[in-house]
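The model shown is predicted, which means the values in this text are computed figures rather than measured ones.
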Amino acid sequence: MLWAEKYRPDNPFQLVGNEEVRLEFIKWLKNWKENSKAALLIGPPGIGKTTLVYACAKFLKYKVLELNASDVRTKGKLEIFLKPGLIYSNLFGEKAFAFLDEVDGIYGKQDYGGLEFLLEALKFSKVPMVFAANKEDERIKKLASHCEVFRMKKIAPRLIEIYLRHVLKREGLEGDDGLIREVVKSCEGDLRSALNNLQLAMANKSTEGLLTPSVQFPLEEGITKFFQAKDIYEAYEILSSIKAEPMDKLRALYNTLIVSELPLDLKLESLKVLSYADELLNRILKTQEWRQLKYLDRLLAFGLNNLLKGYTLSYREDSLSWPLKLRIWNDSKNLRDLALYLSKQFHVSSKDFLAFYLPLMIVLFKKKRLEDMFRALGLTENMIKAINKEAKSLEVD
Amino acid sequence: MKIVLNEWFKLPRLGKETFIKLMSIGVKYDKTKGFLVNEGTNLLSFSSVIKEALREEVEFYPKCAIDELVTPCDICAYREVCDRKEISSKCLCDECYNNRDIFTFYTTNLASKIE
Ligand SMILES: Nc1ncnc2c1ncn2[C@@H]1O[C@H](COP(=O)(O)OP(=O)(O)OP(=O)(O)O)[C@@H](O)[C@H]1O
Ligand SMILES: [Mg+2]
């Protein structure tokens, strides 16, 4: 388990840094009355904004009504949450506040009426509302003008150090002074990054390869580094530092795996991991729960790094598979029939087959490795014809 | 110019415009005590306002979160990586920092400040 999760403080006094702000926020929540302002926590990543909100809820015995982007898109949904009525009255006298985390991320994605609804909700809400954000763009500024703003800053290195030592103690580990110092120096005041790096450094017994949070890799370099990572933690760190949309990351992993020289069974297993990730990503896109994106990187890192121990792959982009995937989804009935049949033979879902196995078959076809394919899959002549046709048609794409 | 965070200090006479700028970035002012920069102040803006008005670089010194002593930043092992304009306004003095039970002290100290 990641230490950053395991040691998330559940009491507002167990955090480090931003002492005044923490006290002020507690005071704000304690004194909140109807028509008081909402709260907006602004600050850089990894300093405890989300943690503080949940810790204060626990400390003052509040329930947290967690809002997500889709909740704030329609006024109706918001009202359900925030007006006396359905959910609110079901709290049976419990105190509660509404929390919309990473509000800047939500509005960064696309511009819809959400902010207007939110501002209106501030007026009718019978419960306190709390927002958290990293950046202060125009929209957040507008929101801020209706809120009590709590500005949180980076954590002082000495405070980070005592927190790291506290975690090591609870893990029953002895940390070398030099190692701890290097970790603190690398984190730029970001405690999440410090904890991740500490866990990595302790596992490797070395501070080699620590990542500063501001290090961001271009897609190509990042994917290659990802496949060279020593362990799952490093793999996760690298993947989450890649400067690309999640869909593009997934696509790059997919292309790289498909054209790699991995043994077939490993290749199929790793494509399975991508299939899970793809499903998760689709769910996130549908529900707009961007916070879950963290789990996407984690899933990929844990799944692939374990599976591919001992292999080094590097970024490749010459696969035909993505357009094919779209084609399959969009039109080809023959391929669907084929998939239905083959998926039964190989005990996978036909969706998995279409998404991952078939493109693989076609790429192998292209590489003139037909013999392998026959042996691995035991196809009939008719089926081979169908694939062959598809492979040919793709060559002109 | 050395400025201790959370401690009143005097500034030479400033123009009205500069004064208004300082107020807008969260600097506190009191007729007798002078100015105060604390957690709520935007320290980046403060430095640039002072630099423009007085042509002087500002160096901030945080106080210890426990006993309010000024932190010895000049001899701290982290001095090159610590951007004091961007961190929150309290740190630890040497004595507290080197105490074996510092984490417990630190957390109970803050908890005691809430009634
Ligand atoms: N001030 C802190 N004190 C103790 N632990 C912290 C602190 N800040 C962060 N952490 C650790 O880092 C993890 C991430 O913190 P958190 O999710 O609260 O950051 P955040 O400020 O909300 O970041 P983001 O802007 O990325 O959402 C926590 O689980 C916790 O383990
Ligand atoms: Mg957060």
Heavy-atom side-chain contact between A/E19 and B/N109 under 4.5 Å: no

Return the CZ to CD distance between A/R151 and B/E39, rounded to the nearest 0.5 Å. 12.5 Å

Side chain, backbone, both or neither: which part of A/R165 has an atom under 4.5 Å from a heavy atom of chain B? neither

B/S88 OG to A/I47 CD1 distance, which is reported to the nearest 0.5 Å: 8.0 Å

Rounding to 0.5 Å, atoms CD1 (A/I162) and CG (B/L92) come to a distance of 5.0 Å

NZ/A/K230: more than 12 non-hydrogen atoms of other groups inside 6.0 Å: yes

Largest heavy-atom contact set with chain A, pairs under 4.5 Å, which of B/S89, B/G40, B/A111: B/A111

For residues 2-13 of chain B, give me every residue with a non-hydrogen atom less than 4.5 Å from any non-hydrogen atom of chain A. none

Segment of A/L15 engaging chain B (4.5 angstrom heavy-atom cut-off): backbone

Side-chain touch B/K113/A/L23, heavy atoms, less than 4.5 angstrom: yes

What class does the angle between the rings of A/Y163 and B/F103 fall in, given that below 30° is parallel, 30 to 60° is tilted and above 60° is perpendicular? perpendicular

Is it the side chain or the backbone of A/V16 that comes within 4.5 Å of chain B heavy atoms, both, or neither? both

Selection from A/R181, A/E24, A/K153 maximising heavy-atom pairs under 4.5 Å formed with chain B: A/K153

Which atoms of A/I155 come close to chain B, meaning under 4.5 Å heavy atom to heavy atom: side chain ones, backbone ones, both, or neither? backbone

How about CD on A/E5, more than 12 heavy atoms from neighbouring residues, nucleotides or ligands closer than 6.0 Å, or not? yes

Is it the case that atom CD in B/E68 sees more than 12 heavy atoms from other parts of the structure closer than 6.0 Å? yes

Check each atom of B/N99 against the heavy atoms of chain A and say whether the ones under 4.5 Å are side chain, backbone, both or neither. neither

Can you say whether B/T41 sits under 4.5 Å from chain A via the side chain, the backbone, both, or neither, judging by heavy atoms? backbone

Answer yes or no: does atom NZ of A/K30 have more than 12 heavy-atom neighbours from other residues, nucleotides or ligands under 6.0 Å? yes

Starting at CZ of A/F13, measure out to CG of B/L110 and round the result to the nearest 0.5 Å. 6.0 Å

What pairs of donor and acceptor atoms, side-chain ones from residues 74-87 of chain B against any protein atom, are under 3.5 angstrom apart with sequence neighbours left out?
from, atom 1, to, atom 2, distance (Å)
B/D74, OD1, B/Y61, OH, 2.9
B/D74, OD2, B/Y61, OH, 3.3
B/Y78, OH, A/E161, OE1, 2.7
B/R79, NH1, B/C76, O, 3.0
B/D83, OD1, B/K85, N, 3.1
B/R84, NH1, B/F60, O, 2.6

Tell me, for B/C73 versus chain A, whether the close heavy atoms (under 4.5 Å) come from the side chain, the backbone, both or neither. neither

Which distance, rounded to the nearest 0.5 Å, do you find between the CD of A/Q14 and the OG1 of B/T104? 8.5 Å

Sort B/T71 into side chain, backbone, both or neither according to what part of it lies under 4.5 angstrom from a heavy atom of chain A. side chain

